[in-house]
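Predicted model only: the values in this text are computed from it and were never measured. A, B, ... follow the sequence lines: proteins, then strands. Residue 1 opens every chain.
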Number of protein chains: 2
Amino acid sequence: MEATKKTNNINPTVSVDCVVFGFDGSDLKVLLVQRDLRDNLDIDDDTLVLPGDLIFEDEDILDAASRVLLDLTGIDNLFLEQIGAFGNLDRLSKDKDKIWLDLVRPTPDSRVITIGYFALVNIKNYTIKPAGFAKHVIWKDFNEVGELGFDHNDILSAAIIKLRNKLYHEPVGFKLLPNQFPLNHLYTLYNTILNSKLDRRNFLRRILKTGFLKETDNFQEGVPHKPARLYTFVEKKFTNDNNQKFKFY
Amino acid sequence: MEATKKTNNINPTVSVDCVVFGFDGSDLKVLLVQRDLRDNLDIDDDTLVLPGDLIFEDEDILDAASRVLLDLTGIDNLFLEQIGAFGNLDRLSKDKDKIWLDLVRPTPDSRVITIGYFALVNIKNYTIKPAGFAKHVIWKDFNEVGELGFDHNDILSAAIIKLRNKLYHEPVGFKLLPNQFPLNHLYTLYNTILNSKLDRRNFLRRILKTGFLKETDNFQEGVPHKPARLYTFVEKKFTNDNNQKFKFY
DNA sequence: AAACTTAGTGTAAAATATACACTTTGAGAA
DNA sequence: TTCTCAAAGTGTATATTTTACACTAAGTTT
């Protein structure tokens with residue numbers, strides 16, 4: 001998908017913001033962009049924010065979210081799911097945010113409602129290429145995220161809650177891992193995200209019993225210990241009906 | 001809360017729509033309004049839609065949803081929860097919808113993104129008073145809802161999914177019942193909404209074990225059979241941590 | 001008083017969840 | 001080559017939860 005910029009056709013009242021989660025094998029990461037000013041104006045603003053932007057008048061909201069991620073990071077074709085709408089009246093009123101808006105937005109004082117999206121990616125699939133108004137795009141440790149710009153901490157909070165709920169009820173953990181992975185990575189992922197210390201044997205038994213994992217003939221390489229067998233995720237029909245029956249933890 | 005109309009200050013690009021569920025003892029109901037034209041223009045439009053309206057520029061989205069329900073139905077101070085944002089490009093493009101918009105909206109062709117909210121009420125607490133642009137406000141049997149205006153069937157679908165999920169994991173069923181109720185009403189409510197036929201004895205045991213129900217000394221009156229004991233809902237601290245542990249079905 | 005209708009109640013068997021620890025295997029160091 | 005280290009891989013017994021299932025009690029109406 002190539003983004004078609006029609007800057008004369010911006011909807012100044014609605015934006016999208018994306019929470020992209022990744023997992024590096026031991027920590028949960030969030031994709032953040034360091035806000036910079038177009039044209040390299042001489043303003044020091046290293047505030048971290050979620051990747052996001054105003055939508056265009058004739059653009060579907062979901063498409064807008066995709067476009068933002070593509071433009072800003074080179075990440076394309078991602079499964080995005082809506083978190084919700086965030087429309088607090090004061091969501092753009094921090095001093096630093098106002099300075100940034102004044103310099104970047106055509107109508108800086110416009111009241112903007114933003115729609116949050118979230119996505120799960122295998123962190124190694126993506127070499128991030130900053131572009132647009134992002135000086136840097138970084139994977140930030142979820143637990144080390146400080147104060148973000150705008151109301152983005154609120155959006156992030158909503159996203160982590162959604163992620164934890166999904167992890168319980170849907171086969172989504174796999175999306176954070178490479179195509180083939182040792183079971184222990186999945187186990188660590190669950191413990192990390194859920195902030196828990198699950199019983200290892202019980203976890204492995206349960207996760208195998210779901211039928212979403214298939215063993216491969218491949219093993220870990222380059223590890224200084226017995227290499228673990230690699231497993232792969234099996235796409236099965238998973239409907240919302242199953243939703244309540246399945247437990248993945 | 002008194003609604004303050006500042007019609008010169010409307011945000012023509014964002015609206016709210018509310019899905020209000022009620023339960024009459026045997027069926028799940030949805031609050032719908034029959035669209036009419038202001039000033040009684042001579043147009044025949046009895047399309048049913050969810051109660052909703054454009055928001056004001058300086059109005060919080062949630063407040064807007066409250067205002068709509070108050071203005072349109074007299075229902076005040078309701079617990080509303082966001083469903084999500086609906087922004088399909090074609091969501092206002094049905095012929096009938098366009099006619100209505102042309103006659104009623106200041107900028108009828110504006111692209112509008114709507115935020116859906118949902119609420120649960122005890123149907124008997126509310127004598128509905130139609131007002132504003134609603135000719136009739138009615139409780140419609142959920143299973144008999146036909147084609148609604150705009151994209152309101154989509155919003156309703158999202159709402160029922162949310163309701164079913166909540167019913168499993170949170171103590172919300174009580175909100176659809178009067179203050180005191182016999183256990184069988186709760187049982188029927190679950191079966192109706194979940195489209196299931198739960199084992200009655202097991203259901204009663206489980207629901208009592210949650211600790212959210214307290215028996216009263218009152219009994220049903222005017223029933224042509226043994227009157228059942230009435231129970232009442234006990235507010236307990238219920239956090240999202242419990243969320244996963246609790247089962248209400 | 002008989003018939004009807006819903007209320008109210010217990011138990012046994014099956015399935016699931018939990019707690020728990022030792023052996024195996026390959027890599028790397030001695 | 002063997003020793004050590006680190007994580008892989010694996011089973012069982014107990015507790016808890018879920019499920020399936022049917023009769024008696026009580027008030028109303030006829």
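- Using a 4.5 Å cut-off on side-chain heavy atoms (C-beta onward), B/Ile207 and B/Leu186 make contact.
- When rounded to the nearest whole Å, the span between CZ of B/Arg229 and C1' of C/dG8 equals 11 Å.
- Note: CZ (A/Phe219) to C1' (C/dT24) measures 13 Å, nearest angstrom.
- For A/Lys124 (side chain) and A/Asp24 (main-chain N/O), no donor-acceptor pair under 3.5 Å exists by modelled atom type.
- For B/Tyr190 (side chain) and B/Phe248 (main-chain N/O), a donor-acceptor pair under 3.5 Å exists by modelled atom type.
- With the nearest nucleotide of DNA chain C identified for both A/Arg200 and A/Gly222, A/Arg200 has the one nearer the 5' end.
- To the nearest angstrom, P of C/dA2 lies 23 Å from NE2 of B/His225.
- Annotation: of the two residues near DNA chain D, A/Asn202 and A/Lys226, the 5′-most nearest-nucleotide partner is A/Lys226.
- At whole-Å resolution of the value, CD in B/Glu215 and P in C/dA7 are 16 Å apart.
- Within the structure, every side-chain polar atom (N or O) of B/Lys247 is placed at least 4.0 Å from both OP1 and OP2 of D/dT17.
- As rounded to whole Å, 16 Å separates atom P of D/dA6 from atom CD of A/Gln220.
- Looking only at distances, no side-chain donor or acceptor of A/Asp76 sits under 3.5 Å from a matching main-chain atom of A/Asp71.
- If you check every strand for non-hydrogen atoms under 4.0 Å, B/Arg201 touches a base.
- We find that CZ of B/Phe181 is positioned 20 Å from P of C/dT6, with the value rounded to whole Å.
- Remark: A/Asn184 is not in phosphate contact with D/dA7, judged by side-chain N or O atoms under 4.0 Å from OP1 or OP2.
- Between A/Asp154 and A/Arg91, no side-chain nitrogen of the basic residue sits less than 4.0 Å from a carboxylate oxygen of the acidic one, so the salt-bridge criterion is not met.
- Nucleic acid contact class of B/Asp199 (heavy atoms, under 4.0 Å, all strands): base.
- Nearer to the 5' terminus of DNA chain C, by closest-nucleotide assignment, is the contact made by B/Ala228 (compared with the other of A/Arg205 and B/Ala228).
- In this structure, the CZ atom of A/Phe203 is 15 Å from the C1' atom of D/dG9, given to the nearest Å.
- Taking atom CG on B/Leu208 and atom C1' on C/dG10, their separation rounds to 15 Å, with Å as the unit.
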